[in-house]
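Working notes for the structure below.
Every chain is numbered from 1, with letters handed out A, B, ... down the list of sequences. Here the structure is a predicted model, which means the values were calculated and not measured.
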2 protein chains.
Amino acid sequence: MAPRSDTTLAERKRQLVAEELRNAALMLLATRGFDAVTVDDIVAAAGMSRRTFFRYFASKEDVVVRFIADMGTDVVAELAARPKDEPPSVALRHAIWRPLAGCADQPDHAERSRIVVRLILDTPALHARWLERQIHWRAGLTAELAARNGLDPDTDPYPHLAAGMAMLALDAVLQQWQPGDDEQRLAELTDHAFAVVAPALDRPSVGAPGRVIDSPGRRQVR
Amino acid sequence: MAPRSDTTLAERKRQLVAEELRNAALMLLATRGFDAVTVDDIVAAAGMSRRTFFRYFASKEDVVVRFIADMGTDVVAELAARPKDEPPSVALRHAIWRPLAGCADQPDHAERSRIVVRLILDTPALHARWLERQIHWRAGLTAELAARNGLDPDTDPYPHLAAGMAMLALDAVLQQWQPGDDEQRLAELTDHAFAVVAPALDRPSVGAPGRVIDSPGRRQVR
DNA sequence: GCATGTCTTGACACTCAGTGCCACCAACGG
DNA sequence: CCGTTGGTGGCACTGAGTGTCAAGACATGC
């Protein structure tokens with residue numbers, strides 16, 4: 001019996017178990033709060049063993065953060081797919097939209113995502129892990145931006161800063177995400193955030209290789 | 001017996017113990033790496049009990065991160081002290097310079113600080129905690145920027161994003177910090193980073209209360 | 001001198017996160 | 001029928017972090 005397309009039965013089983021664990025975890029964490037729920041509570045709710053939990057998730061934080069982080073595995077791919085002559089602000093806006101679109105695709109799924117986002121932003125331990133995930137995206141974006149503009153990310157801070165500003169915009173949107181906001185509202189928030197950072201994203205080097213800093217080493221030591 | 005100025009003997013003793021613990025911890029962590037050192041190792045080196053360690057530091061991460069984070073307790077104060085008519089990019093540059101100046105004040109202290117910074121940036125767990133600390137600074141800067149420009153931080157993303165960009169610049173400097181760099185070199189790196197983000201910092205509302213967004217999503221009142 | 005208060009410390013026990021190890025039980029292929 | 005493979009549960013262990021308590025240091029009042 002040939003496995004359906006590219007997923008084997010075993011893989012689908014794994015997926016199923018992971019989803020069950022994740023659902024039980026999110027349910028408990030969202031209602032009781034992060035610290036008030038132990039891994040034993042989660043596995044008891046999911047009807048599995050403690051050991052199995054850690055085979056699917058690296059840590060208790062991992063369950064929550066991956067729920068959002070998995071949606072952004074292809075931010076870099078999206079950026080790479082944008083036309084090369086597009087201004088960085090526009091290309092980055094499209095890249096950042098990927099995870100947001102993943103959050104908001106179905107209305108019921110959107111509300112669930114929003115609750116998880118709030119849980120992350122309000123729980124220090126989760127927030128820290130979330131930021132750590134962002135660092136990976138940021139590194140990918142940095143490399144892609146450097147390649148795009150022919151810059152050396154080790155000597156020129158622009159790619160690193162531009163990627164950082166894109167993540168800032170994403171953060172601002174998630175922070176402002178209110179109950180009941182639909183996809184269009186999220187798009188508005190995204191546009192609004194990018195309007196602020198765009199001057200820094202598009203100014204330095206639209207196509208010119210040599211960037212000009214009009215205030216290099218202002219010699220303003222103290 | 002009047003205590004010396006505003007510090008009592010007990011307080012100075014506490015300070016001494018904390019410093020001893022911190023020195024032992026940094027010594028071990030910097031040489032062996034974060035995960036290879038247990039709290040028991042640290043307290044054994046400092047000649048104290050495990051329990052005492054946790055009376056002075058909330059966690060193993062805390063020892064390392066506080067070493068840098070304590071230097072930035074007054075970034076917000078510095079921003080508040082800058083003249084009101086100064087452009088945000090300049091005022092923020094001075095605010096961010098505070099912790100950097102604290103790192104680089106004495107040459108021997110600078111090298112030690114640089115090693116700790118590298119340890120933080122290279123250790124995921126520490127990096128995450130460091131970013132979490134940054135969020136507190138960022139919240140303070142956001143409030144101060146909002147007050148400064150007469151903006152509502154809940155509806156206008158500018159203060160939040162501007163504060164974030166300042167932290168990005170700080171991050172970029174720390175990332176590029178090389179062995180042997182002196183204070184002037186750090187100042188150059190800071191200027192360089194701020195030159196990139198300045199267009200976004202100064203464009204939106206240098207003094208005018210009404211900000212103009214020329215992009216879709218303008219005039220969104222709610 | 002002696003009792004009394006506070007403050008700090010060390011020691012013990014405990015919870016919980018996370019890991020290594022091994023035995024068990026399916027599904028598959030000779 | 002048997003060996004292999006892969007997922008699972010049970011168990012023990014390390015390590016972080018916390019609560020509690022008794023003991024010592026020190027200042028104060030009788």
Side-chain angles (χ1 to χ4, degrees), chain A residues 1-4 7-22 24-26 28-29 32-66 119 123-130 132, chain B residues 1-4 6-22 24-26 28-29 32-66 119 123-129 132:
Chain A
M1 204 166 296
R4 178 73 68 181
T7 63
T8 88
L9 177 109
E11 276 177 32
R12 271 175 292 164
K13 264 166 89 176
R14 276 190 65 83
Q15 205 95 22
L16 199 74
V17 173
E19 209 161 307
E20 197 64 26
L21 241 13
R22 204 195 54 186
L26 291 184
L28 288 173
L29 293 171
R32 287 195 223 162
F34 187 76
D35 291 330
V37 177
T38 70
V39 176
D40 292 278
D41 295 337
I42 297 171
V43 297
M48 302 181 191
S49 88
R50 170 185 178 65
R51 197 67 191 81
T52 299
F53 177 90
F54 284 107
R55 283 200 186 90
Y56 284 86
F57 301 99
S59 65
K60 202 169 70 167
E61 287 112 347
D62 196 38
V63 199
V64 186
V65 171
R66 271 236 304 261
L119 179 67
T123 309
L126 290 176
H127 201 162
R129 292 293 158 193
W130 162 238
E132 203 184 330
Chain B
M1 207 174 296
R4 175 79 62 182
D6 57 342
T7 64
T8 91
L9 176 111
E11 276 176 31
R12 272 174 293 164
K13 264 166 88 176
R14 276 190 67 82
Q15 204 97 21
L16 199 75
V17 173
E19 209 162 306
E20 197 63 26
L21 241 14
R22 203 195 56 185
L26 291 185
L28 288 173
L29 293 171
R32 288 196 221 161
F34 187 76
D35 291 329
V37 177
T38 70
V39 175
D40 293 280
D41 295 337
I42 297 172
V43 298
M48 303 181 190
S49 88
R50 171 185 176 66
R51 197 64 189 80
T52 299
F53 177 89
F54 285 107
R55 283 201 186 91
Y56 284 87
F57 300 99
S59 66
K60 202 169 68 165
E61 287 112 348
D62 196 39
V63 199
V64 186
V65 171
R66 270 235 305 261
L119 179 68
T123 309
L126 291 177
H127 201 161
R129 292 294 160 192
E132 203 185 330

B/Asp40 CG - D/dG17 C1' separation (whole Å): 12 Å
From B/Leu29 atom CG to B/Leu126 atom CG, the distance as rounded to the nearest 0.5 Å: 7.5 Å
What is the distance from CG of B/Asp35 to P of C/dG18, rounded to the nearest Å? 13 Å
Starting at CZ of A/Phe54 and ending at P of C/dA17, how long is that distance when rounded to a whole Å? 7 Å
Rounding to a whole Å, what distance do you find between A/Phe57:CZ and C/dC16:C1'? 19 Å
Who are the salt bridge (Lys or Arg N to Asp or Glu O under 4.0 Å) partners of A/Glu61, not counting sequence neighbours? none
Taken to the nearest whole Å, CZ/B/Phe34 to C1'/D/dG15 is 12 Å
Would you give the length of the straight line joining atom CD of A/Glu20 to atom CD1 of A/Ile42, rounded to the nearest 0.5 angstrom? 13.0 Å
Interatomic distance, B/Asp62 CG vs D/dA16 P [rounded to whole Å]: 14 Å
Which of A/Arg50, A/Arg32, A/Lys60 passes salt bridge (Lys or Arg N to Asp or Glu O under 4.0 Å) with A/Asp41? It is A/Arg32
Identify which nucleotide among C/dA17, D/dA16, C/dG18 has an atom closest to any side-chain atom of B/Thr38, counting heavy atoms from C-beta outward. D/dA16
Determine, for nucleotides 8-14 of chain C in 5'-to-3' order, which nucleotides have protein heavy atoms under 4.0 Å from the base (write B), from only the sugar-phosphate (write S), or from neither (write -). SBBB---
With a 4.5 Å heavy-atom cut-off, do B/Arg22 and B/Arg66 have their side chains touching? no
Mind calculating the distance between CZ (B/Phe53) and C1' (D/dG15) to the nearest angstrom? 13 Å
A/Asp35: what forms a side-chain hydrogen bond (donor to acceptor under 3.5 Å, both in side chains) with it, not counting sequence neighbours? none
Rounded interatomic separation in angstrom, taking CD1 from A/Ile42 and P from C/dG18: 10 Å
